[in-house]
Structure formats: structure tokens, C-alpha cells
Amino acid sequence: SQQGEEDPQALSIQEGENATMNCSYKTSINNLQWYRQNSGRGLVHLILIRSNEREKHSGRLRVTLDTSKKSSSLLITASRAADTASYFCATAGSGNTGKLIFGQGTTLQVKP
Amino acid sequence: DGGITQSPKYLFRKEGQNVTLSCEQNLNHDAMYWYRQDPGQGLRLIYYSQIVNDFQKGDIAEGYSVSREKKESFPLTVTSAQKNPTAFYLCASSIDGVHTGELFFGEGSRLTVL
């Protein structure tokens with residue numbers, strides 16, 4: 001069952017602009033993770049935010065989590081052409097099963 | 001360098017043939033996973049293994065089989081029973097078997113059925 005839903009499905013911006021991607025989910029979570037995938041490659045882990053955290057930063061990345069709205073956002077500041085990729089959120093459900101479930105992703109194109 | 005190695009990167013199969021995708025990790029991780037990715041889609045879990053000699057079905061296990069005889073190896077066999085096997089297959093590992101922590105991915109294997 002698909003847990004995370006992301007929007008927009010596709011995003012095109014100019015280099016230097018900020019990019020914001022959103023992820024919504026349905027059930028309670030242990031944590032939420034963001035991954036990046038370059039075309040035809042494997043996924044790379046970007047950041048993990050736990051259910052008791054509201055915001056986390058890593059370099060040009062800022063992730064927020066609102067458990068009351070069951071949503072998260074990933075902000076990439078001062079984007080670069082090299083940020084062009086697909087970005088996926090993945091939710092780890094609370095409870096014993098705790099399986100990591102991936103959303104369908106947002107495809108980001110950063111134009112030089 | 002530590003990481004996950006998948007092979008082959010590209011594989012072509014005739015209908016009715018079984019194929020095996022290799023996944024090897026030297027990260028000393030306990031848990032390993034196989035995901036399937038279709039164009040424009042997210043990842044769907046096929047099988048996972050939290051410890052050697054044990055594995056569990058994921059959400060779409062039908063038509064697939066796995067083994068975990070060694071900690072570092074988790075091969076996936078796509079059998080002829082899999083109705084639509086053309087896809088991008090990703091292997092991943094994590095430090096423990098809780099399946100809620102960070103996943104480390106290989107570069108993927110693209111299977112095409114002719």
C-alpha cells in the first residue's frame with residue numbers, strides 16, 4: 001500500500017531558485033526519510049527526520065515535518081543544475097512492522 | 001570502498017526463462033532488501049532479509065525467489081511465473097533489520113523481457 005504521496009510530480013526551475021517538494025502520508029510514522037535518484041541510478045539517502053522532530057537541516061537541504069497534518073516538505077535552496085534528479089519521500093510506520101514505504105517521487109529539473 | 005554491488009546492470013531475458021540478479025554488500029549490514037521500480041513510479045518491496053538464512057515476502061513477492069546463505073549476498077531470481085518482469089530492480093541494505101533506518105542502495109539492474 002502506498003503511504004507517501006508527493007507533489008508536485010514534476011518541477012522545473014532556474015538555477016539559483018529554491019525548490020520545494022511536499023510529501024503527505026496517511027498513518028502514524030516512526031520517521032520520514034528523503035532520497036534522491038539520478039536518472040538510471042540507485043537511490044541516495046539525503047535526510048531522516050524522526051516523528052518528534054519538526055525541522056532538520058543538511059547543507060542546502062531543509063526538511064520539515066508536521067505530524068498533525070501528516071505532511072513533510074523538502075526545500076533545496078540556491079539550486080544547481082546538478083540537483084536535477086527525482087526525489088522520494090519514504091515513511092517508516094510506527095509499530096512492529098515498521099516497513100519503509102516510498103512515494104512516487106518528484107522529478108526536479110534545474111535549468112542552467 | 002564499502003558499498004553495494006549489483007550485477008548485471010542490464011539483462012535481457014526471453015519469456016519463460018528464469019534469471020538471477022546478484023547483490024553483494026561489504027558494509028557488514030544485517031538486513032538486505034529487493035525493490036522493484038517501474039517507470040515514473042516509487043519503489044515496491046519484493047523481499048527482505050533481516051538475518052542470514054531468513055527472509056520475508058514484501059508487497060509483490062509473487063514470481064520472485066531469494067536466498068540469504070551469506071551475510072553479504074542476497075540474490076534475486078525472477079522466475080517465469082512473474083507476469084510482467086520488465087523493470088528496474090534495486091537492492092538495498094541497512095545496518096539492522098528494523099527496516100526503519102537509512103537504506104543504502106546499489107546502482108540497480110535493468111531487466112528487459114524480449
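Lettering follows sequence order; numbering is per chain, from 1.
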Sub-6.0 Å ring centroid separation between A:His45 and B:Phe104: no

Parallel, tilted or perpendicular: rings of B:Tyr33 and B:Tyr48 (30°, 60°): parallel

Ring centres under 6.0 angstrom apart (B:Phe55, B:Phe74): no

Region of A:Gln37 that comes under 4.5 Å of a non-hydrogen atom in chain B: side chain

Proximal component of A:Leu48, with respect to chain B [non-hydrogen, under 4.5 Å]: side chain

Part of B:Gln37 lying under 4.5 Å from any heavy atom of chain A: side chain

Ion pair check, B:Lys71 and B:Asp30, cut-off under 4.0 Å: yes

